**Student:** 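The structure that follows is given in the form of structure tokens.
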Protein chains: 2
Amino acid sequence: MVVYKYLSHGVGRMNMNGKQRVTMKDIAQHTGYSINTVSQVLRGIYPSGPTCDKVLAAAKELGYIGNSIASSMRLGSTKTIAIIQSDISNPYFGRLIRNFVNILSERGYTATIYNTDNVLSHERAAVISAIRQNVDGILFGPDDIHSGESVEFLYNSRIPFVVFANDVSNPNISSVRIDEVKGGFLATRHLISQGCRNIVMATAPKGILSAQLRLEGYRQALEKSSLPYRNANILSVPSVFASQGGHRRAWKEVCAQLAQLPFDGIVAFSDQVALKLLQGLREQGFERIAIDQIPIVGFDNILEAFPLPLPLSSIGCAGEDIAHASPRLLLEMIEKGEDFAPQKLVLDVKVYKRQ
Amino acid sequence: MVVYKYLSHGVGRMNMNGKQRVTMKDIAQHTGYSINTVSQVLRGIYPSGPTCDKVLAAAKELGYIGNSIASSMRLGSTKTIAIIQSDISNPYFGRLIRNFVNILSERGYTATIYNTDNVLSHERAAVISAIRQNVDGILFGPDDIHSGESVEFLYNSRIPFVVFANDVSNPNISSVRIDEVKGGFLATRHLISQGCRNIVMATAPKGILSAQLRLEGYRQALEKSSLPYRNANILSVPSVFASQGGHRRAWKEVCAQLAQLPFDGIVAFSDQVALKLLQGLREQGFERIAIDQIPIVGFDNILEAFPLPLPLSSIGCAGEDIAHASPRLLLEMIEKGEDFAPQKLVLDVKVYKRQ
DNA sequence: GTGAAAGCGCTAACAT
DNA sequence: ATGTTAGCGCTTTCAC
């Protein structure tokens with residue numbers, strides 16, 4: 001019997017310098033037991049005893065490390081989750097992903113990561129790649145603009161997935177987001193309670209669901225305090241994507257526009273937006289209010305993990321946050337299979353105040 | 001012939017709702033060709049013609065998506081790279097990882113991500129998991145404190161890997177880092193040229209190689225300008241790890257200490273450290289210099305991707321950066337195999353000035 | 001308690 | 001040009 005008949009062309013058992021990787025077969029040959037026995041021992045479904053000891057000793061001696069690929073193949077589960085996100089360099093999402101990875105790891109899963117840069121073709125490629133890799137589930141953080149296609153594709157492919165930090169209209173798709181309206185409301189009310197009467201809302205383009213909802217909260221808060229809603233106070237800001245440096249001019253214009261307004265407080269679509277605005281104002285020599293005295297509230301509470309010498313208050317989760325709820329929901333979905341009923345989690349928020 | 005003999009217990013061909021995933025076998029049955037023919041067509045190594053057309057049409061009709069796991073198994077290569085890093089929520093590393101992922105993706109690789117939180121047991125687990133998953137290579141960003149063990153283990157396991165943003169003494173291990181000494185030198189010289197004469201160096205613990213080297217650069221710059229090196233001006237700061245909130249008191253003390261010093265400029269171990277110091281000073285009501293007027297230089301140039309209303313100058317790469325050099329080096333290593341000679345890249349730096 | 005053998009989906013060698 | 005077959009490393013059934 002020619003055992004390594006294909007060694008000449010198959011790289012399978014070789015590593016870089018030609019040393020073969022140790023397999024169960026090697027342990028079997030070394031100990032004289034069958035591959036099956038070795039497998040059972042290594043998985044701990046074997047009564048302890050001399051056999052067990054010998055096999056484990058051989059495994060240790062030979063430096064055996066299992067091959068997940070092979071067991072995945074047989075078992076049909078890879079214990080891998082794909083995380084698909086538009087910009088993982090964004091500190092807010094960085095923190096999110098770190099928590100995803102840690103939580104998944106605790107539960108025995110590894111994470112594959114895709115960065116779409118908010119480009120549809122990348123998003124498509126990521127989704128296909130994830131399916132091709134047989135991931136057990138997907139954490140999907142899409143941008144609103146073209147979220148529909150990929151989400152529907154995923155839905156039709158029947159792979160378990162959760163949309164995070166966003167939502168889609170299809171009621172059968174599970175998602176996790178914050179209470180955006182309440183967030184907009186609390187942010188605005190916080191500024192009002194500080195004495196602000198002329199509050200600018202720096203919102204994202206209308207296509208973005210969370211922007212719409214936060215703006216609605218802003219409107220409600222003004223109304224409740226009988227303050228006028230002024231169109232001039234609604235500023236639509238460009239993307240904060242690191243990749244899109246082309247937006248520099250657009251940002252400059254927005255900041256110039258802001259500098260002209262007689263505002264006394266700002267609600268920003270996100271902490272990132274807030275910081276960009278403050279930076280823009282500083283760059284333009286804005287002095288009516290000292291930069292680090294401007295009453296401003298953002299979203300995402302990134303200063304919790306990333307302290308800055310600025311009084312940037314922020315809307316963040318009050319209880320369980322997206323970082324924890326999303327993988328929890330996904331894993332539940334994977335474990336329950338068909339018995340899982342879709343859930344749309346809307347997480348409670350509060351103001352994290354900073355002076 | 002019982003084809004699906006194991007369907008009852010193997011989940012392999014099933015997905016969530018019991019619908020089986022389409023395989024080449026299905027396409028073969030659908031078209032009447034053999035699996036081999038299908039495989040060849042799908043891989044494009046088949047002359048175009050009627051066969052080709054029919055197979056591709058069937059693949060499209062059935063919604064075929066390949067199974068990377070299966071081909072990996074056969075080919076011995078997973079086209080996957082593991083990224084192992086201590087804290088991916090750190091904005092600097094977030095940006096790095098985003099670039100890694102994008103570059104790898106362009107080259108046909110996917111990325112698996114591990115976050116060690118700077119805990120040795122997590123680091124060990126990540127390394128083992130990566131090997132178990134048969135990744136083709138590893139991008140390893142270790143913390144100095146216990147980098148030795150994992151790095152040596154990786155080295156002995158013969159898996160291609162590159163140490164990034166750090167270095168180890170073993171000359172056979174490839175690594176990518178910035179010119180730390182020059183960075184420390186330029187940062188200090190920049191402040192001196194601004195008129196600073198009493199420059200604090202906020203460095204990390206001695207165990208960290210880059211801290212040692214940056215401090216050496218600081219020393220050299222002072223010497224060159226005939227300025228005294230004062231021990232009182234060397235501040236050792238705690239970790240900035242998001243996970244380690246326990247360091248809060250230590251940070252407070254360091255900032256209090258700093259506030260007492262008659263400094264007129266600061267070199268910080270990283271931009272993160274710089275920001276924490278400024279925040280600490282602000283919290284303590286420091287007023288001798290306005291917070292946003294303090295001459296300060298950090299490392300990593302995170303403001304490039306993450307604008308802030310602060311005059312934080314920073315040391316960053318002058319040419320090719322770590323984000324690009326590391327995956328480039330790793331992929332070269334993977335492709336060349338045994339022919340690859342270890343390289344230790346030390347990237348040139350410059351000051352990114354901000355006022 | 002232990003072993004033999006099938007098979008997960010795919011690719012490569014070989015045969016026609 | 002197309003089919004047959006072995007085998008990647010593992011898990012599971014089934015038989016002893």
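Being a predicted model, the structure only gives us computed values, none of them experimental. Numbered from 1 within each chain, the chains take letters A, B, ... in sequence-line order. Quick note: numbers below take in every heavy atom, side chains included, and nothing from hydrogens, waters or symmetry partners.
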**Student:** Base, sugar-phosphate, or nothing: which does B:Arg43 touch, judged by heavy atoms less than 4.0 Å apart?
**Tutor:** sugar-phosphate

**Student:** By nearest heavy atom, map B:Ala70 and A:Cys52 onto DNA chain C; which one lands nearer the 5' end?
**Tutor:** A:Cys52

**Student:** Please name the pair of heavy atoms, one in A:Lys54 and one in A:Thr31, separated by the smallest distance, quoted to 0.1 Å.
**Tutor:**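 Scanning both residues, the minimum pair turns out to be O-CG2, 3.9 Å.
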
**Student:** Both B:Ile45 and A:Thr37 contact DNA chain C. Taking the nearest nucleotide for each, which residue is further toward the 5' end?
**Tutor:**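 Counting from the 5' end, the first nearest nucleotide belongs to A:Thr37.
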
**Student:** To the nearest Å, give me how far apart CD (A:Gln40) and C1' (C:dT2) are.
**Tutor:**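 Atom-to-atom, A:Gln40 to C:dT2, this comes out as 8 Å.
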
**Student:** If I take atom CG in residue B:Asn134 and atom P in nucleotide D:dC10, what distance separates them, rounded to the nearest angstrom?
**Tutor:**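 Nearest whole value for this atom pair: 9 Å.
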
**Student:** What integer distance in Å separates A:Met73:CE from C:dC10:C1'?
**Tutor:** 6 Å

**Student:** Take atom CD1 of A:Ile69 and atom C1' of D:dC10, then tell me their distance rounded to the nearest Å.
**Tutor:**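 From A:Ile69 CD1 to D:dC10 C1': 12 Å.
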
**Student:** With a 3.5 Å cut-off and no angle check, do the side chains of A:Arg21 and A:Asn67 form a donor-acceptor pair?
**Tutor:** no

**Student:** Mind checking B:Ser72 for me? I need base, sugar-phosphate or nothing, with any heavy atom below 4.0 Å counting as a touch.
**Tutor:** nothing

**Student:** Can the positive tip of B:Arg98 be found less than 6.0 Å from the middle of the six-membered ring of B:Phe100, inside 45° of the ring normal?
**Tutor:**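 No - B:Arg98 does not lie over the ring of B:Phe100 by the 6.0 Å and 45° rule.
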
**Student:** Counting side-chain heavy atoms from C-beta on, which of D:dT12, C:dT2, D:dC10 comes nearest to A:Ser71?
**Tutor:** D:dC10

**Student:** Would you say B:Ser39 reaches C:dA12's phosphate, i.e. side-chain N/O to OP1/OP2 under 4.0 Å?
**Tutor:**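 Answer no for this pair, as no side-chain N or O of B:Ser39 is under 4.0 Å from OP1 or OP2.
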
**Student:** Taking the six-membered ring of B:Phe93, is the NZ or CZ of B:Arg95 close enough (under 6.0 Å from the centre) and on axis enough (within 45°)?
**Tutor:** no

**Student:** Looking at C:dT11, C:dG9, D:dT12, which one has an atom nearest to any side-chain atom of A:Arg74?
**Tutor:**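 Nearest listed nucleotide: D:dT12.
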
**Student:** Check whether any side-chain N or O of B:Tyr33 sits under 4.0 Å from OP1 or OP2 of D:dT4, and answer yes or no.
**Tutor:** no

**Student:** How many whole angstroms separate atom CD of B:Gln133 from atom C1' of D:dG9?
**Tutor:**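 Distance, rounded to whole Å: 15 Å.
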
**Student:** Looking at B:Asn36 and D:dT4, is any side-chain donor or acceptor paired with a base atom of the opposite kind under 3.5 Å?
**Tutor:** yes

**Student:** Looking only at side chains, do B:Ser175 and B:Asp167 share a donor and an acceptor under 3.5 Å apart?
**Tutor:**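 Per modelled atom types, B:Ser175 and B:Asp167 side chains form a pair under 3.5 Å.
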
**Student:** From CD1 of A:Ile35 over to P of C:dA4, roughly how many Å is that when rounded to an integer?
**Tutor:** 9 Å

**Student:** If I take atom CE in residue A:Met24 and atom P in nucleotide C:dG3, what distance separates them, rounded to the nearest angstrom?
**Tutor:**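 Roughly 14 Å, once rounded to whole Å.
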
**Student:** What nucleotide, of D:dT4, C:dC10, C:dA4, holds the atom closest to the side chain of B:Asn67?
**Tutor:** C:dC10

**Student:** Can you tell me the distance, in whole Å, between the CG atom of A:Leu75 and the P atom of D:dT13?
**Tutor:** 11 Å

